[in-house]
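Step one of this worksheet: look at the structure below.
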Amino acid sequence: MSDKIIQITEMNKWFGDFQVLKNINLEVEKNKKIVVCGPSGSGKSTLIRCINRLEEHQEGSIIVDGNELTADTKDIEKIRAEVGMVFQQFNLFPHLSILDNCTLAPIWVKKMPKKDAEDLAIQHLEKVQIADQANKYPGQLSGGQQQRCAIARALCMEPKIMLFDEPTSALDPEMIKEVLDAMVNLAKAGMTMIVVTHEMGFAKEVADEVIFMDEGMIVERAETKEFFANPKSDRTKLFLSQIL
Amino acid sequence: MNKLNFLQPDKNNLNTYLYTGTILVALSIFIVFLNSFFNKDLISFLPGTLSFFLPLILGFIGLHLIRIDHSGLKFLDSINKNINTNNFNAFLSLLIVFVVIKSLPPLLSWFILDANIAGDTKDVCTGSGACWTYIKIWFNRFMYGMYPNAEQWRINLSFIALAFLGTIGFFATEKFKKYLTLYYVVVYPVIAFFFIFFFISGGPIFFDFSYGIIAAVISVIIGFFIPSKFKMYYFIIVPITLYILLKYVFFYEELIELGKLEALEWVETGAWGGLSLTFIVSFFCLIFCFPIGLFLSLGRRSDFPIIKYFSIGMIEFWRGVPLITVLFMSSVMFPMFLPEDMFIDKLVRVIIAISLFEAAYVAEVIRGGLQALPRGQYDAAKSLGMGYWKMHILVILPQALKLVIPGIANTFLALVKDTPLIFVVGLLEIVGMLNLAKTNPEWLGFAMEGYVFASVLFFIICYAMSKYSYNLEQKYKTER
């Protein structure tokens, strides 16, 4: 049990009258890399936003690292601090330099001394190869550099899980590679990752399992090789035939 | 030699067009200039209407002739690009130049040439120009209102001290920079309050608080220049120690009783006035309305219904009533609701009323900034584990406030210019003093000078504020 870091059971979510997530059951073990794919509007982003409680679910339970997420979870901030998230639109803080973007949360949320936080930030920025840009502002960087900075910013909180919400969808084709490289390195270092993406190459390279979602339901979940070699449901086959 | 076509000037005969055009324009300006400054009409031999419009026609033809694209002459090109792009613009440019030339002599004569400043009575003001003697004689009243002449040094000293304490941020050591916000938001207003209300007021109440003022000022000044590891403790221990020392060791009170120290004379707030009162009211309203407005704007977006509807109610109420009513209520109605023995000073009531009134406007301006931020900023801050306050203080407000600097400056300027309204409760700041002075039987008929004087002062204050807000905008510009 202890290695199940995320446990979602019988989870339902509505936006008004519209049910976006239907009866989701999902367990993720430690150090596993999961890729979530599916057509747009299928609820992939909503699902991983629920894991961070950026969206509230109405029914069922979500347990992250032993803590259940409910409306009266007092220290939701503590759970969020353990779950890093990277967004499609980067969402860097434009009023702070790259270095300050990375040190802000460690200093103020984790109460880390400024010096240590800066060392840590430089270390992570070096991993994603933008340490030389540390004193620039987000607006001065290219999209790929911004997204790598966003990854470094999330890593500075030393999270146990990393969530990626279509991290490459807003990027030029040339920049996608540099971001994916950073993510591959992160995967090889043993991070637990849930990645919503359309990059099937990335899925084949690092994912342990692939989840296919459609219309708010998990249609298929399989080992990566199995998923691409012989998908079971017709909907998955159709999707794969279009995307590959 | 190319054929000349005066309807379509071109580059080939550049010099011909240029000379003819320049002469015509110069001639038209010269005619107006002579007419305006020396009252000589060169073209009076022409029929009336024509002589009136001739300069305009001459100048218009002249500008038409020199409108040559890419002439290669830098000066000519810049004129053509800026004031002479087409017939309509040429016409407007000429008109503006003529109006300026025409209006200069009367203005000069009123302000300087025919104005009087010497002497002490209105008898010296015989010319047709302004009577600056009036301003000179009443200057003290316009600055300090009814405040006793002998005690005015207290106002000067307070303002100088506050100005000095306000600039301390420039001298702060690197280590102390992060406490600056706290200083300006909490410590500085408190010191200012002590200064204004206990030093300028004077009387027995001054000595009750004088230890506090002295202790606070000394400790803050020392605190800035001696960086210490125990800042937090420092600011608790030192002021209290100083306070106790002043009160019990230096026998301050005994000195006063023995008559070695004279107590400050009590001046009630009704006697304060003039420009210094404008400054006092504006200053306190500015520093109070901003935090109140900030909390109202956050409250309006809150998830808690009580806070939300309280904020909406406050904002809509204060925005919905005229300021003059609010002031009147604060002075007439409000005391009726207070217990018999309770008394709140009129000036304090006015400051509270204006602060709440302007806070509603500030709140809506800030809300505009909050709404302009993309939702992703909230998501990112939350995903890093920040709670409501950390998210707002570190991520949301710095960006939102930067966006609304022009709007806030707008509100603040309006506030400063609204202060004359406090005359309805009998407080006379500079415009109120002007109105009082112009009804003085000795000095009837000089309202104009007074209003011009007040306009110039207000313009200087407001222009400085607007420049400062522009500087802030530039300073915090980090995008691209």
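Reminder, nothing fancy here: chain letters follow the sequence lines and each chain counts from 1.
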Which members of residues 55-66 of chain A, sorted by number, sit under 4.5 angstrom from chain B on a heavy-atom basis?
-> A:Glu55
Is there a donor-acceptor contact under 3.5 Å from the side chain of A:Gln145 to the main chain of A:Ser142?
-> yes
Between the side chain of A:Lys13 and the main-chain N/O of A:Met11, is any donor-acceptor distance below 3.5 Å?
-> no
At a 4.5 Å cut-off on heavy atoms, which part of [X] comes close to chain B: side chain, backbone, both, or neither?
X	value
A:Phe87	side chain
A:Leu92	backbone
A:Val83	backbone
A:Arg49	side chain

Return the minimal non-hydrogen interatomic distance between A:Met85 and A:Leu54, and the atom names on each side.
-> SD-CD1, 4.0 Å
Are A:Glu209 and A:Lys32 close enough for a salt bridge, meaning some N to O gap below 4.0 Å?
-> no
Are A:Glu158 and A:Lys110 close enough for a salt bridge, meaning some N to O gap below 4.0 Å?
-> yes
Side chain, backbone, both or neither: which part of B:Lys382 has a heavy atom under 4.5 Å from chain A?
-> both
Test item: B:Asn471 and B:Tyr476 side chains (from C-beta on) under 4.5 Å apart, heavy atoms = no
Hey, can you pull the donor-acceptor pairs under 3.5 Å for the side chains in residues 359-366 of chain B, sequence neighbours left out?
residue: B:Glu364; atom: OE1; partner: B:Arg300; partner atom: NH1; Å: 3.4
residue: B:Glu364; atom: OE1; partner: B:Arg367; partner atom: NH2; Å: 3.0
residue: B:Glu364; atom: OE2; partner: B:Arg300; partner atom: NH1; Å: 3.0
residue: B:Glu364; atom: OE2; partner: B:Arg367; partner atom: NE; Å: 3.2

So, for B:Tyr463 and B:Phe459, is the gap between ring centers shorter than 6.0 Å?
-> yes
